[in-house]
Amino acid sequence: MLKINNISKTFNPHTVNEHLALDKLSLDVKDGDFITIIGANGAGKSTLFNAISGSFFTDEGTILLDGIDITLMSEHKRAKMIGRLFQDPMRGSAPNMSVEENLALASGKGGWLSRISNSDRNILKDKIALLDMGLENRLNQPVGLLSGGQRQALTLMMATINPPKLLLLDEHTAALDPSAAEKVLAITKSIVEEKRITCLMITHNMQSALELGNRTIMMNRGKIIYDVEGEERKRLTVRDLLEKFHEAAGKELDNDRMLLS
Amino acid sequence: MSASSIFNLIQTALELGLISSITVLALFLSYSMLNVCDLSTDGCFTLGAAVGAVVALSGHPYLAIIAAMLAGILSGLITSFLQTKMGINSLLSGIIVNTALYSVNIAIMGNSSQLNLNKAETVFTKMKDFIAGTALAEQYKLITLIIVVAIVIVFLVIFLKTRLGLAIRATGDNPDMVKSSSINPVFTTIIGLCIASAFTALSGCLLAQSQKAVNIDIGSGMVTIALASLLIGNVFSSKGKIGIRAVCAVVGSVIFRLVYTVALRFNMPAFMLKFVSAVIVVIAISAPYIKSQIPMIKRKLLHRKGE
């Protein structure tokens with residue numbers, strides 16, 4: 001499905017701010033996988049998503065999606081196959097355009113000069129009604145008037161209206177209040193399951209990292225340091241994860257000491 | 001001052017307002033929708049006037065309009081190419097194209113900085129012949145302009161609801177969202193700027209044909225004048241339906257000319273036009289910012305008193 005082979009990315013090369021954000025990272029994602037990704041700040045989780053979705057090109061390595069080499073494919077072309085949600089609910093939709101116009105653009109139906117027809121409108125209305133947030137009655141309102149939770153749910157709908165091969169969720173509920181976060185997460189689960197979308201989700205919540213999906217990976221310093229699925233994952237507790245976390249951090253300290261001595 | 005001379009003044013203000021309103025609608029597309037401030041506007045306006053004048057002089061007033069718009073598209077293509085493919089800042093690419101167009105425009109006018117269209121047929125003289133003898137015969141310029149402006153507005157309203165139009169609006173609103181809808185924002189920026197430049201050139205072409213003369217400075221300061229008009233129009237409707245906003249942009253342009261005409265009557269020298277437009281733009285753009293700062297300024301003052 002998604003085959004990442006030894007990708008590396010260095011920011012600000014040859015300067016004092018040089019930062020190796022991805023370090024020969026490889027990952028093999030199977031069709032239908034729902035992988036949760038955890039790691040400390042700066043571990044390279046979002047950078048990994050940026051690399052997959054094409055916000056920048058990696059310095060080396062290859063990325064294959066469903067057998068297609070997307071390593072050097074431009075961002076907007078990849079977007080046909082990859083949906084993405086950010087932590088910031090404002091990032092996924094155009095605030096001065098209506099709910100309907102946002103959805104219509106995302107659905108990508110028709111030629112350049114086609115307009116939203118009544119039948120399109122009804123289809124969009126039925127789809128948005130599935131979110132159960134009352135948005136079906138606000139189709140003509142600018143998206144900027146919606147709450148963060150509503151906007152994130154709309155973005156989720158926009159990202160999956162043509163089911164992508166891969167969905168990247170970058171802490172997409174972290175900026176929402178608890179009840180909205182719960183609701184958006186529930187919608188996410190049902191859409192991903194129903195449309196059988198392969199999914200990667202970054203989270204800071206260890207509990208949901210273990211509860212959601214079928215596989216969990218932990219990142220540190222641009223590398224995957226722990227990758228768990230199946231029986232082993234079922235037995236794992238949050239405490240175990242934290243231990244793994246500290247183990248990795250401790251090793252890092254040792255490495256630093258070695259460097260200094 | 002006689003009633004008829006007042007009427008004449010108003011008529012001229014309306015005509016000039018409608019002519020520049022097409023440039024205002026161009027900025028409505030590039031500045032309000034696409035969020036790009038296209039500083040090649042001045043040169044592009046003159047380009048349309050020059051190309052239109054040369055073609056009209058050869059005896060083709062209608063072809064002149066098409067030629068001017070095509071020249072505008074070409075100019076827009078170059079401006080947008082510079083900013084999307086050559087890594088040049090959007091303001092700078094506008095200024096660069098504007099500068100280059102100065103030379104191009106003189107070349108188009110046959111190494112001359114002005115052209116006279118006195119003997120040439122124009123779209124206005126065509127309209128004059130067409131409605132000669134009717135009650136509206138005297139208003140031939142206004143009628144022509146109202147028709148053209150109406151066509152431009154209808155085009156914009158229809159176009160901005162198409163998928164391409166939506167994509168252009170989204171590019172100005174949230175480029176990330178455009179990319180994630182698998183649309184290349186470079187493409188939408190290029191198309192948007194090309195259409196806007198075509199309108200700017202059309203506007204210049206109409207002014208040249210209306211006043212039967214072109215000089216190289218015909219477009220200077222146009223971007224500020226048009227921006228001032230657009231912002232006056234925004235006062236009436238900054239949000240709301242596209243059609244209403246477009247009509248308000250035209251109204252803004254006419255109001256600007258009327259106010260200017262009145263100011264001239266009160267002995268404001270004509271050369272102050274550009275200064276006034278600059279002041280209007282400064283006030284209109286800075287007012288919301290200053291308004292938002294007032295609570296903080298008040299707090300600071302109170303804070304100082306408390307000490």
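Model, not experiment: these values are computed from the prediction. Here is the naming used below: chain letters follow the sequence lines, and residue numbers restart at 1 for every chain.
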Nearest non-hydrogen partners of Ala79(A) and Lys179(B), listed with the distance: CB-O, 3.2 Å

Part of Lys77(A) within contact of chain B (heavy atom distance under 4.5 Å): neither

Atom pair CD1 (Ile168(B)) and CH2 (Trp112(A)), whose distance is rounded to the nearest 0.5 Å: 9.0 Å

Value rounded to 0.5 Å, distance of CG in Leu164(B) from CZ in Arg115(A): 13.0 Å

Top contributor to chain A contacts, counting heavy-atom pairs under 4.5 Å, from Pro175(B), Ala170(B), Ser182(B): Ser182(B)

Partner chain A: residue of Leu166(B), Ile158(B), Asp173(B) with the largest heavy-atom pair count (under 4.5 Å): Asp173(B)

Among the listed options Gly111(A), Ser107(A), Ser74(A), the residue most often paired with chain B at heavy-atom distances under 4.5 Å: Gly111(A)

Any side-chain heavy-atom pair of Ser93(A) and Asn174(B) under 4.5 Å: no

Point-to-point distance, once rounded to the nearest 0.5 Å, from CG of Asp176(B) to NE2 of His76(A): 14.0 Å

Any side-chain heavy-atom pair of Leu113(A) and Arg163(B) under 4.5 Å: no

Any side-chain heavy-atom pair of Met158(A) and Met177(B) under 4.5 Å: yes

Atom pair OG (Ser180(B)) and CD (Glu75(A)), whose distance is rounded to the nearest 0.5 Å: 8.0 Å

Straight-line distance of Asn140(A) CG to Lys241(B) NZ, nearest 0.5 Å: 7.0 Å

Residue selection (most heavy-atom pairs with chain B, distance under 4.5 Å) from Ile82(A), Asn102(A), Thr155(A): Asn102(A)

Over 12 non-hydrogen atoms of neighbours within 6.0 angstrom of NZ in Lys165(A): yes

Selection from Ser114(A), Ala106(A), Gly110(A) maximising heavy-atom pairs under 4.5 Å formed with chain B: Ser114(A)

Contact class of Arg84(A) relative to chain B, heavy atoms under 4.5 angstrom: neither

